[in-house]
Student: 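Structure incoming, see below.
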Number of protein chains: 2
Amino acid sequence: MSEATAKQGPDTRARILNAAESLFMTHGFEATSMRMITGQAEVNLAAVNYHFGSKDALIQEVFRRRLTELNRDRLGALEAEESLANGAPLKPSKIVAAFFGVSLKMAADTEHGGATFMRLLGRTYTEPNEFVRQFLAEEYAEVVQRFMNALYRALPDVPREEILWRFHFMMGAMSYAIAGTDALKLFAGDFDDEDPTRLMPRLMSFLLGGLRAPLPEEVIESRAIRRDAA
Amino acid sequence: MSEATAKQGPDTRARILNAAESLFMTHGFEATSMRMITGQAEVNLAAVNYHFGSKDALIQEVFRRRLTELNRDRLGALEAEESLANGAPLKPSKIVAAFFGVSLKMAADTEHGGATFMRLLGRTYTEPNEFVRQFLAEEYAEVVQRFMNALYRALPDVPREEILWRFHFMMGAMSYAIAGTDALKLFAGDFDDEDPTRLMPRLMSFLLGGLRAPLPEEVIESRAIRRDAA
DNA sequence: ATCCTGTTCAAACGTTCGTTTGAATCATAC
DNA sequence: GTATGATTCAAACGAACGTTTGAACAGGAT
């Protein structure tokens with residue numbers, strides 16, 4: 001063979017990744033067996049270990065494939081705003097829109113499995129599995145750092161710790177929004193699924209409202225004291 | 001034996017429930033084996049099946065034990081506010097504080113395992129396991145209905161669908177806030193764990209900011225149109 | 001002392017898991 | 001054609017899983 005990959009009909013590797021992605025979302029990592037994956041992908045049981053080495057390595061590859069693209073798009077959106085701003089601090093709404101807009105865009109892509117992946121990702125932030133968490137942390141490190149710095153510049157009067165927390169809250173709201181309607185139906189059985197494109201403005205309003213909310217009294221007080229001391 | 005329960009040293013049932021709760025949080029349901037549970041609880045392997053019937057039934061009991069108390073407290077807090085209000089609609093902040101305040105209070109109780117449970121619960125809203133979701137839905141139905149109705153009364157001008165979404169977002173933010181610092185460290189390695197009692201005011205500011213945020217333009221427009229038609 | 005009932009215990013059950021193996025199959029290079 | 005290296009395949013591996021079993025043990029009532 002010439003090099004790296006290739007052969008057989010509709011590429012075995014991709015078939016496995018797609019089947020795994022979808023099954024992981026439906027059943028979770030542990031509850032998804034190799035036999036379920038290879039069955040749905042219509043490949044031989046041994047194919048996973050041949051192409052990826054192990055089940056754990058397959059899980060990593062499922063995330064790597066998508067996260068690379070997702071985080072590249074997020075950084076791209078941020079940099080586009082930054083070059084528009086010409087060195088001035090960005091508006092918080094632009095920063096939030098860059099990060100979460102890209103996420104929701106992938107979540108809306110039902111054609112190429114983006115929606116499936118984002119729901120899987122939302123679940124995985126709280127995943128107990130140690131090495132999955134470790135891997136996510138590494139993949140996210142740079143992007144989060146960049147966005148946090150943009151927010152620090154945009155909100156110089158808000159304590160950094162407070163911004164960090166609120167970013168955390170925003171991630172939670174988004175994850176639920178995407179992981180989704182399932183959980184919503186959990187609250188209201190009569191809930192209509194309706195047009196998912198309306199999610200973006202809804203979520204954005206909520207996130208910005210939360211981000212710009214008045215600081216809790218404790219924080220205001222402690223800052224006032226610190227200012228007095230200075 | 002007289003009736004229901006009892007015998008042996010430090011109650012076998014409770015030992016199993018505590019061990020299971022803690023292990024489920026650390027490893028997830030599927031990755032936690034009966035042998036791990038009975039090992040940590042220092043009881044015989046067969047004790048789980050004897051006392052609970054099956055692993056699935058044990059999972060249910062772990063949740064039932066805590067959720068019954070949690071939802072009773074939530075309803076209690078809501079009713080206390082309602083009786084204070086004397087029939088007038090409650091302020092949204094009071095409603096939100098009743099629901100999420102009780103949650104955070106349990107999350108702050110590290111003495112009796114409340115913290116462990118709340119982190120487990122946060123993870124479980126997005127749990128793939130079908131019957132766990134089904135069970136959660138049943139346990140939550142009444143409480144959520146009551147709180148939603150209170151919010152409908154408190155915010156008569158906001159479309160009910162919008163309130164439902166925002167409640168959903170709030171649940172997400174809270175879950176992340178509790179499930180927690182783990183995920184936060186995922187974003188910022190240098191993050192200090194610090195005083196968890198400060199979480200409550202932080203989260204409450206964010207939630208209320210989000211809940212009271214201006215409606216997205218789409219919604220405002222569609223309401224204006226509807227009003228014109230009327 | 002005897003029986004009864006609730007509980008514990010060690011051992012085993014059958015099933016399913018992730019992984020490994022070695023032969024079969026295929027496309028290309030010579 | 002024949003050799004070569006990549007891929008597929010059916011079958012098996014040992015380990016771990018949730019559950020069941022039947023005997024052992026406990027305390028209270030008769």
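The basis for the numbers below is simple: all heavy atoms, side chains too, and nothing from hydrogens, waters or symmetry mates. In what follows, chains carry the letters A, B, and so on, assigned in the order in which the sequence lines appear, proteins first and then strands, with residues in each chain numbered from 1. Everything numeric here is computed off the predicted structure, so don't read it as measured data.
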Student: Counting any heavy atom closer than 4.0 Å, what does Thr38(B) reach on the DNA or RNA strands: base, sugar-phosphate only, or nothing?
Tutor: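 If one applies the 4.0 Å heavy-atom cut-off, Thr38(B) turns out to touch nothing in the nucleic acid.
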
Student: Does any non-hydrogen side-chain atom of Leu120(B) lie less than 4.5 Å from one of Phe63(B)?
Tutor: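 In short, these two side chains touch, coming nearer than 4.5 Å.
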
Student: Is the closest side-chain heavy-atom distance between His51(B) and Glu61(B) below 4.5 Å?
Tutor: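 No, their side chains stay 4.5 Å or more apart.
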
Student: As a quick check of understanding, evaluate side-chain hydrogen bond (donor to acceptor under 3.5 Å, both in side chains) for Arg13(A) and Tyr50(A), giving each step before the final call.
Tutor: CA-CA 10 Å; Arg13(A) 271 184 64 97; Tyr50(A) 176 76; over 6 Å; no

Student: Tell me whether the OP1 or OP2 atom of dC17(D) has a side-chain N or O from Ser33(B) closer than 4.0 Å.
Tutor: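 Checking Ser33(B) against dC17(D): at least one side-chain N or O falls below 4.0 Å of OP1 or OP2.
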
Student: Say you draw a straight line from CZ of Phe206(B) to CE of Met170(A); how long is it, rounded to the nearest 0.5 Å?
Tutor: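 If I round to the nearest 0.5 Å, the distance is 6.0 Å.
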
Student: Is there a side-chain contact between Thr12(A) and the phosphate of dT8(D), meaning an N or O under 4.0 Å from OP1 or OP2?
Tutor: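 Checking Thr12(A) against dT8(D): at least one side-chain N or O falls below 4.0 Å of OP1 or OP2.
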
Student: Any ion pair linking Arg64(A) and Glu139(A) (charged N to carboxylate O, less than 4.0 Å)?
Tutor: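 Salt bridge between Glu139(A) and Arg64(A), a charged N being under 4.0 Å from a carboxylate O: no.
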
Student: For His168(B) and Tyr176(A), take the angle between the two ring planes, folded into 0 to 90°, and tell me which bin it lands in: parallel under 30, tilted 30 to 60, perpendicular over 60.
Tutor: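 If you compare the ring of His168(B) with that of Tyr176(A), the planes turn out tilted.
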
Student: Please list, by residue number, the residues of residues 45-62 of chain A whose heavy atoms come closer than 4.0 Å to an atom of DNA chain C; answer none if no residue qualifies.
Tutor: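 Nucleic-acid contacts, sorted: Leu45(A), Ala46(A), Asn49(A), Ser54(A), Lys55(A).
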
Student: Take atom CZ of Arg15(A) and atom P of dC9(D), then tell me their distance rounded to the nearest Å.
Tutor: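 So the CZ-P distance, Arg15(A) to dC9(D), works out to 9 Å.
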
Student: CG of Asn44(B) versus P of dG18(D): gap in Å, rounded?
Tutor: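 Rounded to the whole Å, the gap is 15 Å.
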
Student: Measure CG/Leu23(B) against P/dG18(D) and give the value in whole Å, please.
Tutor: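 So the CG-P distance, Leu23(B) to dG18(D), works out to 12 Å.
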
Student: Roughly, in whole Å, what's the span from CD in Glu30(B) to C1' in dG18(C)?
Tutor: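 Checked: the CD to C1' distance equals 15 Å.
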
Student: In whole angstrom, what separates Arg35(A)'s CZ from dA10(D)'s C1'?
Tutor: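 After rounding, the gap between these two atoms is 12 Å.
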
Student: Specify the separation, in whole Å, of atom CE of Met34(B) and atom P of dC17(C).
Tutor: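 Those two atoms, CE and P, are 17 Å apart.
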
Student: Provide, to the nearest angstrom, the distance between the CD1 atom belonging to Ile16(A) and the C1' atom belonging to dT8(D).
Tutor: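 The answer, rounded to whole Å, is 11 Å.
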
